[in-house]
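Residues take their numbers from the sequence shown, with the count starting at 1.
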Amino acid sequence: MERHCRLDKSGELLLRKAMLHLNWSARVYHRVLKVARTISQAIQLRRGLRAP
């Protein structure tokens, strides 16, 4: 998953803070990344762009 959905430093920091604050497991962390990737692809398709 990390190969296809890389975060910049600020995004990674935000997600890790949420993970600690909300007591997320590694599984939840990866699910959030998958949802973010799906949303990104949907936006690209909606705009008529090719998904990466």
Side-chain angles (χ1 to χ4, degrees):
M1 189 70 217
E2 291 172 3
R3 181 177 37 172
H4 299 290
C5 190
R6 289 192 179 201
L7 299 173
D8 61 7
K9 292 288 183 186
S10 63
E12 185 176 343
L13 181 62
L14 177 68
L15 194 54
R16 290 202 183 271
K17 281 184 179 181
M19 184 179 180
L20 293 172
H21 181 72
L22 299 171
N23 199 26
W24 287 351
S25 65
R27 184 177 181 184
V28 172
Y29 176 88
H30 287 285
R31 282 186 177 182
V32 168
L33 287 177
K34 287 180 183 181
V35 169
R37 182 174 177 220
T38 300
I39 291 170
S40 175
Q41 288 175 339
I43 290 170
Q44 289 177 354
L45 289 173
R46 179 77 176 172
R47 290 183 177 169
L49 300 176
R50 284 186 34 220

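- The distance from the OG atom of S25 to the NE2 atom of H30 is 9.0 Å, given to the nearest 0.5 Å.
- Side-chain N or O atoms of S40 include none that pairs as donor or acceptor with a backbone N or O of A36 at under 3.5 Å.
- Cluster membership check: L22 shares its hydrophobic cluster with Y29, using side-chain heavy-atom separations under 4.5 Å among Ile, Leu, Val, Met, Phe, Trp and Tyr.
- Remark: S10 pairs with D8 by the side-chain contact (heavy atoms from CB on, under 4.5 Å) rule, at least two apart or across chains.
- Take I39 and apply the side-chain contact (heavy atoms from CB on, under 4.5 Å) test, not counting sequence neighbours, and it matches V35, I43.
- With L13 as the fixed residue, the side-chain contact (heavy atoms from CB on, under 4.5 Å) test singles out one of K17, R16, K9: K17.
- Residues satisfying the side-chain contact (heavy atoms from CB on, under 4.5 Å) criterion with L14, sequence neighbours excluded, are absent altogether.
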